[in-house]
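Data first, discussion second: the structure below is written as structure tokens.
Keep in mind that what you see is a predicted model, and the values were worked out from it rather than measured. Letters go in sequence order (proteins before strands), and every chain restarts at 1.
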Protein chains: 2
Amino acid sequence: MLGELGEQGADTVSSDELAAATGVNPAKLRKDLSYIGSYGIRGVGYEVSALTHQLERVLGLNHRQAVALVGIGNLGHALAGYGGFDGRGFPVTALFDVDPDLVGIHINGILVQDVAAIPEVCRARDVTIGMITTPGPAAQGVCDLLVEAGVRCILNFAPVVLQVPGEVEVRKVDLAVELQILAFHVARRNLTGGDPESNGHVVNGAGGLKP
Amino acid sequence: MLGELGEQGADTVSSDELAAATGVNPAKLRKDLSYIGSYGIRGVGYEVSALTHQLERVLGLNHRQAVALVGIGNLGHALAGYGGFDGRGFPVTALFDVDPDLVGIHINGILVQDVAAIPEVCRARDVTIGMITTPGPAAQGVCDLLVEAGVRCILNFAPVVLQVPGEVEVRKVDLAVELQILAFHVARRNLTGGDPESNGHVVNGAGGLKP
DNA sequence: CCGTGTGAACCCCTTCACAGCT
DNA sequence: AGCTGTGAAGGGGTTCACACGG
């Protein structure tokens, strides 16, 4: 959001404005920002460019990180061609699959190589993040290869819980689960008969089950 | 995980087994399950099939829900062809885009139609969930059309915060943000010099910033 | 006067530990 | 003997409200 504001030529933002734009509580926003230091100006707000730079520094976004993508199925193919990653500092630098029909082709100018080459190629290209878009059963094996290659961060789209050493960070994205969560809210709403709870800005809200 | 266990022929599971398999605290698992009723057997565990059915009922997964997908770019194309949705009860039933070159083609046997047809088609096919995979600037307009069509649940992949009426539920998935979160953990680890915190089973952990 | 920064209250989720059932 | 179900303790994030500074 700060990036957007910067492009629009805004010099400063107040926590209230930023909170409204992102759907967050203003107090929480200020408190969170305060943890990285006092970069706001009382009575005015935050200087957009200064805050952006500070955040990038603290969040580790100030240098690009090469990404390897394993599993060139439907989803993998799409992610390999997705411009959003490179634009945000995460260039997709290596592609892997087991299928001999896929190995050798290029996507967006990047060669698809056999998974056996993961350790060597990832080290050579300084890959720090791996994305797994294989079928479930193949995911753990691929994960092990990535770890062997020194990759410490893994974004897992396969519907399995990966076992990794402690120094490796795994995040799991399960798109079908996202739909299930939405379905749950439908079910709950039909059950309770439309509670007048939320209004206008619900993003990933909780919604308990307790009576 | 229960579905998997059922296919493997397991009759019962203990909370400890289930917790280990899913990477969750056993007590939390029991407490959560207790909210939907007492379907466990003391000294034995949970009957897999019974628990599965109860969960499906409570979570609203016992009947299929039609999904509409708007924005047939890289990601949209992949999701339209992704088998994981239909397999979990969320058949992709309608596809939309603005691009005249895309309107008229079929993906997985489903016709791509113009976004202007959203209200009519979604009502006709009883679509309850909408997925938005358009570029950011187009997302709000598409969202409005879906809401007009009576869609109450939206899964948003576009990097914008959608404005919706209170009765509509929005979940946002930002894949670049997922990578940023991983990047943050790298940065933090490099900063603190490898704290001996996590071990073996970290999935979507928090990791604060406070001193 | 306005908006940040923050102590304190609050709330809720998480985890422990064990009573109770099979 | 084993495992569920849960009261109670604990911890941590969220929100309030206001002092402080521009």
**Prompt:** With sequence neighbours left out, which residue pairs that include part of residues 1-16 of chain A fulfil the side chain to side chain donor-acceptor pair (under 3.5 Å) condition?
**Reply:** A:Ser15-A:Arg30
**Request:** For a side-chain contact (heavy atoms from CB on, under 4.5 Å) with A:His77, tell me which candidate from A:Asp97, A:Ile107, A:Asn108, A:Val112 qualifies.
**Result:** A:Ile107
**Request:** Take the protein atom CG of A:Leu33 and the nucleotide atom P of C:dT6, then report the distance between them rounded to whole Å.
**Result:** 12 Å
**Asked** To the nearest angstrom, how far is B:Tyr35 atom OH from D:dT4 atom C1'?
**Response** 15 Å
**Asked** Whole-Å distance between C:dA9 C1' and A:Lys31 NZ?
**Response** 11 Å
**Message:** Run the side-chain contact (heavy atoms from CB on, under 4.5 Å) test on A:Val67 and A:Met131 for me, step by step, so that the C-alpha distance in whole Å, both residues' side-chain angles and the decisive distance to 0.1 Å come before the verdict.
**Reply:** CA-CA 7 Å; A:Val67 176; A:Met131 296 180 45; 3.8 Å; yes
**Message:** If you assign each of A:Ala27 and B:Gly40 to its closest nucleotide in DNA chain D, which residue comes earlier from the 5' end?
**Reply:** B:Gly40
**Request:** Answer yes or no: does a side-chain N or O of A:Ser15 lie under 4.0 Å from OP1 or OP2 of C:dT4?
**Result:** yes
**Message:** I need the CG-C1' distance between B:Asn25 and C:dA17, as an integer number of Å.
**Reply:** 12 Å
**Request:** Round to the nearest Å and state the distance from A:Tyr39 atom OH to D:dG22 atom P.
**Result:** 16 Å
**Item:** Whole-Å gap separating P (D:dT15) and CG (A:Asp32)
**Value:** 10 Å
Compile the donor-acceptor pairs under 3.5 Å between side chains in residues 87-95 of chain A and protein atoms, sequence neighbours left out, one pair per line.
from, atom 1, to, atom 2, distance (Å)
A:Arg88, NH2, B:Asp174, OD1, 3.2
A:Arg88, NH2, B:Asp174, OD2, 2.8
A:Thr93, OG1, A:Pro91, O, 3.0

**Item:** side-chain N/O B:Ser14 vs D:dC3 OP1/OP2, d < 4.0 Å
**Value:** no
**Item:** Contacts of type salt bridge (charged side-chain N to carboxylate O under 4.0 Å, His left out), residue B:Arg152, not counting sequence neighbours
**Value:** none
**Message:** Without decimals, in angstroms, what is the distance between B:Lys28 NZ and D:dG11 P?
**Reply:** 18 Å
**Message:** Using the salt bridge (charged side-chain N to carboxylate O under 4.0 Å, His left out) criterion, which residues pair with A:Asp86? Sequence neighbours excluded.
**Reply:** A:Arg64
**Message:** Please list, in numerical order, the residues of residues 41-48 of chain A that have a heavy atom closer than 4.0 Å to any atom of DNA chain C.
**Reply:** A:Ile41, A:Arg42, A:Gly43, A:Val44, A:Gly45, A:Tyr46
**Fill in**
Whole-Å distance, B:Arg30 CZ to C:dT14 C1', equals 13 Å
**Selection residues 120-135 of chain A - residue pairs positive for side chain to side chain donor-acceptor pair (under 3.5 Å), sequence neighbours left out** = A:Gln65-A:Thr128
